[in-house]
Every structure is written in C-alpha cells, then in structure tokens.
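Model, not experiment: these values are computed from the prediction.
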Amino acid sequence: MTTDERRIAGPERPGGQGLDPNQEESGNRAIIALLTDPKHGDLTDIVATYRFASLPDENGNNVPPEGAYEVWSRRGMIRFQRFIDPAGGYGYEVIEQSGQNPIANQDPTMLSTIAEELEAGAKSGNPGTDPNKAYVEPEHYSHPLAYERLAQLFDSPNAPDLVISPKAYAYGRQPGQHGALDVCQSRAPLVFSGPGITPGAKDAICAQVDVAPTLAKLLGMPLIDGMDSTGRTSSERGVEPDVYLKRQDGKPIDEILDTDASGELRTRPERAYIMLLDGLSNTELKERLERDKESIPNLARIIEAGAMFTYGTTVNFPSITWPSHNALGSGAWCGHHDVVNPTYYLRESKETVTPQGMQFDTGRFVGPGVETFYEAVHRVFGKWDPSIPQGERN
C-alpha cells in the first residue's frame, strides 16, 4: 500500500489544540525555550504537538493530510502521521527525522524489575541501591505505545498547544511521581482475580483501555455497533458489531480468560469490582510481593488467586490520575473521553476546569462520544435492584 492510498487521520475534533499556521513563530520559540532553558531544559525529555498545515474550517473539518505530529527533544526530532490501517485501528509512519528519533524505543518490557531500574540508573551515571533514586536518562528507557498515546491526546479540543514530558526523575516533589510518557511512569500493575480468569503470571502486553472491554466480555455483555479506536462504528467499517462500548479503544485480553475448546467462558462473575492503587509502580509491587508480602496480606491473597501481568499495563498519557482513571472506566483514551488532565483549559467557554478537585462531579466533563463502563452495564443489565434475590439477577 502506498502513502497516497492511505487515509491520513489527523486530530478527530480540531478545536484549537496543537499549532496552527498563526502559531508558527510562537510555537517554535516555545519549543526551543522548553529544550534550552538554563534551569528546566536539561530536565525535559520531549515536547510534542500536532502542527496543522492550514487552518481547519469553521466546523473543524478538512484537517489537511499534510499536517503531522511532532516530537522534539535535545536528541533529535521526528514528524509522524497517523493513518487508517485496513487491518484495523491506526497505523503510524515517521515522515521526517532530524538526529535521533526520541521515541524510537517503545519496548513495553524494559525496566520491568527494581534491579533493572537500578542498573539503568547506574548506566545513566547515577549508581545506588535506592530505587526511588534510580535516576534514569532517556537513552536507557523506552516510551511504550508512544505514537498512539501522543496522537490520541490531540484528538480532543481540550488538548494543549504543546505537551511536555519531563525526564523520568524530573518532577522533584516526591518519589514515585507520575505523569510522563516513559516506561517507568507508564507501567501500572494489573491483576484480574475471580471467576472466568486463568490464574498465574502473564506475559501478555496490554493497555489500560483493554480493561473495560475485558470486564465486559467476562460479564457476558453483547457486542454492539460502536466505535473502535479510529472513531468509526462497526457498520462504518463494514463489519459486524465488534465492540462492547460506545467508544472502545482497547480490546479484551483473551490470554487471561478461562475458556473451553469453543472459546466460551467456563465460568462468569456475577459482579465486578475495580480497585485502583493510584501511582503504584508495577516494579515496586513485584518487589514487595517477593520480599515482604506479609505487609500486604489481603492484596497478596487476591493476586495469588488471580492473573498478574509481568509487564503490568501501559497507562494513558498523560500518565496521571484523572485521565487514567477515566480511561480505565471507559475503555477510551483521554483524547476521546476528554478529561485530558486533572486541570485543563476549555477554549470554547474560556474557562479552566479541575475535574479531579470535583470528585463525583467529574462525569459531566466526559465527552459525548464515550460511555462509562457503568453506563454500559446499566444499558445491558438495567439499574441495580437490591430487592431481586441474588440467584435471579441477570
């Protein structure tokens, strides 16, 4: 397939995010400043954006295919485009490069243990035995799913003009900080435990957006004519219903499901509980289970009875609380559910909002193109009625 035959896919809903031609000079100046500032430049891993080749029309349509995503660093820069892959989902192609490709290494299995983190810290010139001080330089870590995770962010009109990912250790406020694109901050623990799950350690590679579809399959929810990661419904793609949620960027993790020869689940859970351990490193949890599981007896019991992923799960970018929680709860990246940060700017209404500070009011910021997993469960099974005896519930 030639490039001309590809359907280039820029930002889904242009609304001011990224850089348009009117921001050419100011955008370039900002990128240079972020990478060369005497105090902060050395702490910046990458600066990324989507650069429009021309302004979209008043309805945000006709995004020119010659526009491209850009990733800048001191090591080098790339421009890449996203396109519809006939095999399903998106594909990505680097169309320009100067120096090194700063996100070329996207290996999701790198630095999967505390020992490997300490070794990478030593290679970076920061030897020691404290994993909270295993300061790893970019050449010694990877950026899992970097093309997909950067591109999805700019699908939302709530996305910034420029997004910055600092080096893995550069926040400085506290050990274990999160938010960046690198593998250390982008790998969360993932455990499934209960009926329908084959227990044991799993080497499967997965992402946060795969969790909701996996739960949907476990609960026996039906496939619907919903949107996949490209924003097109099953019928628009010319296939039978193939997703469980209104917008589903992920897929079920079939490797953990206990199925018979025909592919049917041997058992199903009656209900599903989702427990979040915000900011917990997968390597830290593995180390604790190996050396001090007595300190976390209940969590250890759940894990031992279930399936734990050796390489955890790749989280949303930004890899921070509210965008990630809503990715888990919707099966959609933050560029599609629209909660792109704990605090962000709504260009249309000219206001700054803080969904994380509103806790249970966050739902009103979720975009109309997605449904939460809870909404999907109610759509399929109806509202919870505690008066119905347990054995008679659907």
Side-chain angles (χ1 to χ4, degrees), residues 1-32 34-35 44-57 60-108 138-139 141-157 159-165 180-182 186 207 228-232 249 314 317-318 333 335-336:
M1 180 176 59
T2 67
T3 302
D4 291 340
E5 295 170 333
R6 289 176 177 166
R7 178 178 165 188
I8 304 299
E12 290 183 8
R13 294 167 291 149
Q17 71 270 40
L19 298 178
D20 64 42
N22 293 329
Q23 298 169 294
E24 183 77 15
E25 181 179 358
S26 61
N28 291 342
R29 286 177 176 270
I31 292 169
I32 293 170
L34 288 165
L35 294 174
T44 300
D45 181 2
I46 64 168
V47 181
T49 189
Y50 182 87
R51 195 182 297 262
F52 291 86
S54 62
L55 290 170
D57 66 21
N61 298 319
N62 301 322
V63 177
E66 58 269 29
Y69 302 90
E70 297 181 357
V71 183
W72 294 77
S73 78
R74 288 186 172 186
R75 308 182 295 283
M77 68 82 64
I78 60 166
R79 303 180 74 241
F80 71 91
Q81 288 183 326
R82 183 176 66 177
F83 59 89
I84 302 293
D85 189 337
Y90 283 126
Y92 304 88
E93 180 184 32
V94 175
I95 60 172
E96 183 181 342
Q97 180 171 335
S98 176
Q100 297 179 31
N101 177 345
I103 55 172
N105 187 346
Q106 300 187 17
D107 182 2
E139 58 266 30
Y141 58 64
S142 63
H143 300 85
L145 295 177
Y147 297 135
E148 178 175 357
R149 293 163 68 214
L150 286 170
Q152 62 79 24
L153 174 60
F154 289 98
D155 282 336
S156 174
D161 294 343
L162 302 170
V163 63
I164 305 161
S165 182
L181 189 69
D182 66 87
S186 297
D228 73 350
S229 61
T230 67
R232 299 175 299 154
D249 292 336
T314 299
F317 177 72
W333 295 119
H336 304 148

Peer 1: Compare all side-chain heavy atoms of F80 with those of V71 and state whether any distance is below 4.5 angstrom.
Peer 2: yes
Peer 1: Provide the closest heavy-atom pair for P21 versus A53 in the form atom of the first, atom of the second, distance.
Peer 2: CG-O, 3.7 Å
Peer 1: Do the side chain of D155 and the main chain of H336 share a donor and acceptor less than 3.5 angstrom apart?
Peer 2: no
Peer 1: Is it true that the side chains of Q152 and D249 contain a donor and an acceptor less than 3.5 Å apart?
Peer 2: no
Peer 1: Please walk me through it: do T230 and D85 pass side chain to side chain contact (heavy atoms under 4.5 Å, CB included)?
Peer 2: CA-CA 9 Å; T230 67; D85 189 337; over 6 Å; no
Peer 1: Not counting sequence neighbours, which residues clear salt bridge (charged side-chain N to carboxylate O under 4.0 Å, His left out) with R232? List them please.
Peer 2: none
Peer 1: Taking C-beta and beyond as the side chain, do P318 and L153 meet within less than 4.5 Å on heavy atoms?
Peer 2: yes
Peer 1: State, to 0.1 Å, how close Y92 and A151 come at their nearest heavy-atom pair, and which atoms those are.
Peer 2: CE2-CB, 4.1 Å
Peer 1: H143: what forms a ring pair (Phe, Tyr, Trp, His ring centres under 6.0 Å) with it, not counting sequence neighbours?
Peer 2: Y141
Peer 1: For A180 and S186, work out which heavy atoms get closest and say how close.
Peer 2: O-OG, 3.3 Å
Peer 1: Quick one: side chain to side chain contact (heavy atoms under 4.5 Å, CB included) partners of N105, sequence neighbours excluded?
Peer 2: D107, M110, S142
Peer 1: Quick one: closest heavy-atom pair of A9 and I84, and the distance?
Peer 2: CB-CD1, 4.4 Å
Peer 1: Atom CZ of R51 and atom CD of Q23: how far apart are they, to the nearest 0.5 Å?
Peer 2: 9.5 Å
Peer 1: Can you name the residues that form a side chain to side chain contact (heavy atoms under 4.5 Å, CB included) with Q100, not counting sequence neighbours?
Peer 2: R75
Peer 1: My understanding is that only residues two or more places apart in sequence, or in another chain, count here; which of them pass side chain to side chain donor-acceptor pair (under 3.5 Å) with S156?
Peer 2: D338
Peer 1: How long is the span from the CG atom in L34 to the OG1 atom in T44, to the nearest 0.5 Å?
Peer 2: 6.0 Å
Peer 1: Which heavy atom in P11 sits nearest to a heavy atom in Q17, and how many Å separate them?
Peer 2: CB-NE2, 4.0 Å
Peer 1: Between the main-chain N or O of I31 and the side-chain N or O of N28, is there a donor-acceptor pair closer than 3.5 Å?
Peer 2: no
Peer 1: Any sub-3.5 Å donor-acceptor pair from S165's side-chain atoms to L181's backbone N or O?
Peer 2: yes
Peer 1: Hey, is the main chain of P102 close enough, under 3.5 Å, to the side chain of S73 for a donor-acceptor pair?
Peer 2: no
Peer 1: Going by salt bridge (charged side-chain N to carboxylate O under 4.0 Å, His left out), name the residues that satisfy it together with R149, two or more places apart in sequence or in a different chain.
Peer 2: none
Peer 1: My understanding is that only residues two or more places apart in sequence, or in another chain, count here; which of them pass side chain to side chain contact (heavy atoms under 4.5 Å, CB included) with I95?
Peer 2: A68, R79, Q81, E93
Peer 1: Can you find a heavy atom in the side chain of R82 that is under 4.5 Å from one in the side chain of E148?
Peer 2: no
Peer 1: Please examine the side chains of F154 and P14, heavy atoms only from C-beta on, and report whether any two atoms are closer than 4.5 Å.
Peer 2: no
Peer 1: Side chains of Y69 and L150: does their closest heavy-atom pair fall under 4.5 Å?
Peer 2: no
Peer 1: Does N101 have any side chain to side chain contact (heavy atoms under 4.5 Å, CB included) partners at least two apart in sequence or in another chain, and if so, which?
Peer 2: I78, V94, Q97, I103, A104, Y147
Peer 1: Give me the atom names and distance for the closest heavy-atom approach of G18 to D161.
Peer 2: O-OD1, 3.3 Å
Peer 1: Partners of Y90 by ring pair (Phe, Tyr, Trp, His ring centres under 6.0 Å), sequence neighbours excluded?
Peer 2: none
Peer 1: Are any of the side-chain heavy atoms of W333 and S229 separated by less than 4.5 Å?
Peer 2: no
